[in-house]
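Taking it in order: structure first as C-alpha cells, then the write-up.
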Amino acid sequence: MTIFTSPFNDVPTTGLTITQRVFRGLENRPDEVVLTDGPSGRSMTAAEFMDQVKRMAGGLAAAGFGAGHTIAIMAPNIPEYCVVFHAVAWGGGTVTTLNPTYTANEVAHQMADAGAELLITIPDFLETAKEGAGDTPVIAIGTAEYAALFGDPITAQVPVDLGDFTVVLPYSSGTTGLPKGVMLSHRNLVINLDQTIVAADFQAGEVTAAFLPFFHIYGMTVLMNVHLGGGGALVTMPRFDLPLFLQISQDHKAQRMWVVPPVALALAKHPLVDDYDLSALEEVFIAAAPSGPELSDAIAARLGCKALQGYGMTELSPVSHVVPRTAPKSGAAGVTAPNTSCRIVDIETGQDLPAGAEGELWVKGPQVMQGYLNNAKATAESITEDGWLRTGDIAKIDEDGYMFITDRLKELIKYKGFQVAPAELEATLVAMEGIIDAAVVGLPDDEAGELPVAFVVTGDPAPDEAAIKAHIDKQLSHYKQLHHIYFVDEIPKSASGKILRRFLRDRLNG
Ligand code: 4UW
C-alpha cells in the first residue's frame with residue numbers, strides 16, 4: 001500500500017461529548033460574547049449559552065424528547081440554532097439538520113428517513129415545516145411553545161457511547177443515489193474539531209461572519225463547533241449578503257473568512273469589497289467545491305492576506321485536508337489533517353498509485369462516519385472493511401504531500417457548494433406524467449461551479465420545458481432547479497443500465 005500520512009502530530013482523543021468539548025472552550029470565559037445575531041446585533045455570552053443549553057436539555061427531556069430521541073432543526077444561522085443543537089446533544093439525543101429552504105416534500109422525506117420526532121424551526125418556515133412534518137410536532141423559535149421548551153437544567157452531560165451513538169445526522173448523497181443520513185458520533189465531531197484547530201491553525205479570539213449554513217457539515221463543525229470550542233466567537237448571518245458580510249467582517253475585525261468558491265470569487269472581483277476596511281483579515285479559507293490557483297492568488301493580492309483551501313466531505317465530519325498557513329500552495333486542496341492518512345487508488349485496477357498519479361482519493365481517520373442510516377449497502381460501498389472511505393473524488397498528491405482535486409468520479413453536482421443529487425432530480429422528473437426517462441448532470445459555470453441540467457425522454461403528450469420546470473420548482477428547493485432541459489430520444493446507458501454521465505457531460509462541453 002502507498003499511504004500518504006499527515007505532516008502533523010496526532011491530536012489526542014478527549015473522551016468528551018461534542019457539547020462537553022465545546023463547553024471546555026467556553027467555561028473559562030463566561031462573560032465573553034460568543035454569539036451575535038448579525039442583522040439585529042442581539043448577543044449571547046458563553047455563560048448564557050451554556051445555561052440555555054442545559055435548560056433546554058431539561059425541557060426537552062420533560063416534554064418526552066430526551067435521551068435517545070431524534071430532533072430535527074430547520075433554521076437559518078441564528079444564535080438559537082447552536083442552543084438547540086447542543087441541548088439535544090447534551091441531553092443524549094440525535095439532531096438531524098434540514099436545509100431551511102427545503103420544500104414540504106423534502107422536509108417530509110428527511111423527517112421520515114431520520115425518524116425525527118420533533119421539528120424546531122423559525123416562524124418564517126412554519127407553514128412549510130408543518131406541511132412536511134405531518135403529524136410530528138413543530139415548534140418555532142421565538143414563540144411561547146419555544147419558551148416552554150426551557151425547563152429545569154440538566155447539569156451534567158447525559159451519558160452516551162462516544163463512538164457508537166449517532167449525535168448528528170446531516171444528509172449527503174455520497175457517491176451515488178439519494179441523500180442519506182450520515183451517522184456521525186460524538187467522537188467523530190470532537191476529533192474533527194481538534195484536527196481542524198491544529199490543521200487550520202485556529203487561534204483563540206478569532207471572530208468570523210458565519211454565513212455558511214450550520215445545517216451543512218462545513219458550518220456545523222468549522223463555524224459553530226470550532227469557534228465556540230476553540231475560543232472564538234461567531235456573528236451569525238441567516239443568509240449570505242455581500243454588503244452585510246463585509247460590514248460584519250470590518251466591524252468585528254474578522255481575522256478569517258470561511259467561504260465557498262462563489263464568495264471567494266466575489267472577494268476577488270466585486271467592486272464593493274474596496275469600500276470596506278478588511279485590514280484585520282489574515283486568511284480567506286475556501287472549501288466545499290473546486291477552485292483554482294488564479295482565484296486564491298487574486299484574493300491574496302487584492303486583500304493582502306493568505307487564501308488557502310481545505311477539502312472535506314460530510315462523511316468525514318468534514319475535514320480531511322487543509323493547506324497549512326505556514327506553507328501555502330495555491331490550487332492545492334490541502335495536506336492530510338492530523339490523525340488522517342490517504343491513498344490514491346487506480347480506478348481501473350484498484351492498485352495504489354504513487355505521488356504524481358491521478359486516481360480516487362481514499363481517506364482513513366477517526367473522523368470517518370459510522371455509516372449511512374439504515375443503509376448497510378451504501379455504507380459497505382463507501383467504507384472498505386479496513387476503514388478507508390472512498391471519496392468519489394479524483395485527486396493527485398505532489399512530491400511535497402499536497403493533494404489536488406482534479407475531477408469527480410461520483411455523480412454528485414455541487415451548486416455553490418451545495419449538494420445536488422442527480423438521482424433525486426431524476427426520480428422527481430420521471431415521476432412526472434409524460435416523462436419516460438431522465439438523466440441529470442452538472443454544466444460547468446463560472447459563478448455557481450456547476451448548474452444542474454437535464455436530458456429527458458418524453459412520451460405523448462409531452463410536457464414542455466416550462467411545465468417540467470414548474471414541476472421541479474414545486475417539489476425541490478431553489479438550488480436544485482434545472483437550468484436547461486434537453487429533449488432527447490434516449491438516455492445513454494451502460495449494459496448494466498447505469499447512466500453514462502460522462503458521455504452526457506462531454507456532449508455539453510463539445
Ligand atoms: N476542492 C474540490 C475542494 C473541495 C471539493 C469539497 O457537501 P459535502 O459532503 O461536504 C463539503 C465539506 C467541505 C468542507 C468543509 C469544512 C472544511 O473545513 C473543509 O475543508 C477542510 C471542507 O463540501 O461535499 C463533499 C464534496 O465536495 C467537493 C468534493 O467533491 C467532496 O467529495 N469538495 N472540498 N477543496 N472539491
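One-based numbering, in listed order, for ligands and for the atoms of each.
Atoms of ligand 1 lying under 4.0 Å from any heavy atom of Val222, numbered from 1 in the order shown and given with element: 16 (C), 17 (C), 18 (O). Annotation for ligand 1: atoms under 4.0 Å from non-hydrogen atoms of Gln309 are 1 (N), 3 (C), 35 (N). Atoms of ligand 1 lying under 4.0 Å from at least one heavy atom of Gln419, given by number and element, are 7 (O), 8 (P), 9 (O), 24 (O). Close approach to Ile405 involves these atoms of ligand 1, each under 4.0 Å from a residue heavy atom: 1 (N), 2 (C). Annotation for ligand 1: atoms under 4.0 Å from non-hydrogen atoms of Lys410 are 30 (O), 31 (C), 32 (O). Residue Phe285 approaches ligand 1 through these ligand atoms, each under 4.0 Å from one of its heavy atoms: 17 (C), 18 (O), 20 (O), 21 (C).
Contacts between Pro318 and ligand 1 below 4.0 angstrom, taking non-hydrogen atoms only, involve the side chain exclusively. Contacts of Arg408 with ligand 1, taken as heavy-atom pairs under 4.0 Å, involve the side chain alone. With a heavy-atom cut-off of 4.0 Å, Phe418 does not touch ligand 1 at all. With a 4.0 Å heavy-atom cut-off, ligand 1 is reached by the backbone of Met313 and by its side chain too.
Of the residues listed (Gln255, Lys306, Arg256), the one engaging Glu283 in a side chain to side chain donor-acceptor pair (under 3.5 Å) is Arg256, and it is the only one. Tested against Glu450 for a salt bridge (charged side-chain N to carboxylate O under 4.0 Å, His left out), the candidates Lys416, Arg408, Lys414 yield a single pass: Arg408. When each of Ser330, Pro328, Pro324 is checked for a side chain to side chain contact (heavy atoms under 4.5 Å, CB included) with Leu308, only Pro328 meets the rule.
Among all protein heavy atoms, the one lying closest to atom 19 (C) of ligand 1 is Ala287 CB, 3.4 Å. Protein heavy atom closest to atom 24 (O) of ligand 1, with residue, atom name and distance, is Lys414 NZ, 2.7 Å. The nearest heavy-atom contact from the protein to atom 35 (N) of ligand 1 is Gly310 O, 2.8 Å. When hydrogens are left out, the protein atom nearest atom 16 (C) of ligand 1 is Tyr218 CD2, 3.2 Å; that is the closest non-hydrogen contact. Here the heavy atom of the protein found nearest to atom 9 (O) of ligand 1 is Thr314 OG1, 2.6 Å. Looking from atom 3 (C) of ligand 1 to the surrounding protein, the closest heavy atom is Ala289 O, 3.6 Å. Looking at atom 28 (C) of ligand 1, its nearest protein heavy atom turns out to be Ala288 O, 3.8 Å. In terms of protein heavy atoms, atom 31 (C) of ligand 1 is closest to Asp393 OD2, 3.2 Å.
Not close to ligand 1: Trp258, with no non-hydrogen atom less than 4.0 angstrom away.
The option from Ala333, Gly312, Ala199 that lies nearest to atom 11 (C) of ligand 1, judged by heavy atoms, is Gly312.
Closest approach of Lys396 to Gly356, counting heavy atoms only: CD-O, 4.1 Å.
A donor-acceptor pair shorter than 3.5 Å can be found between the side chains of Thr340 and Gln367. When only modelled atom types and interatomic distance are considered, Asn99 and Thr101 share a side-chain donor-acceptor pair under 3.5 Å. For the residue pair Gln475 / Thr428, no side-chain donor-acceptor distance below 3.5 Å is found, with atom types taken as modelled. Judged purely by distance below 3.5 Å, without hydrogens or angles, the side chains of Thr19 and Thr17 never pair a donor atom with an acceptor atom. A side-chain donor from one of Glu106 and Ser477 sits under 3.5 Å from a side-chain acceptor of the other.
The shortest distance between side-chain heavy atoms of Trp362 and Lys364 does not fall below 4.5 Å. Between Val83 and Met44, the closest side-chain pair of non-hydrogen atoms falls below 4.5 Å. Counting only heavy atoms from C-beta outward, the side chains of His321 and Tyr402 never approach each other to under 4.5 Å.
For ligand 1, the polar-atom distance check finds no N/O of Ser291 at less than 3.5 Å from any of the ligand's N/O atoms.
Under a cut-off of 6.0 angstrom, the local environment of CG in Asn509 is crowded, with over 12 non-hydrogen atoms contributed by other residues, nucleotides or ligands.
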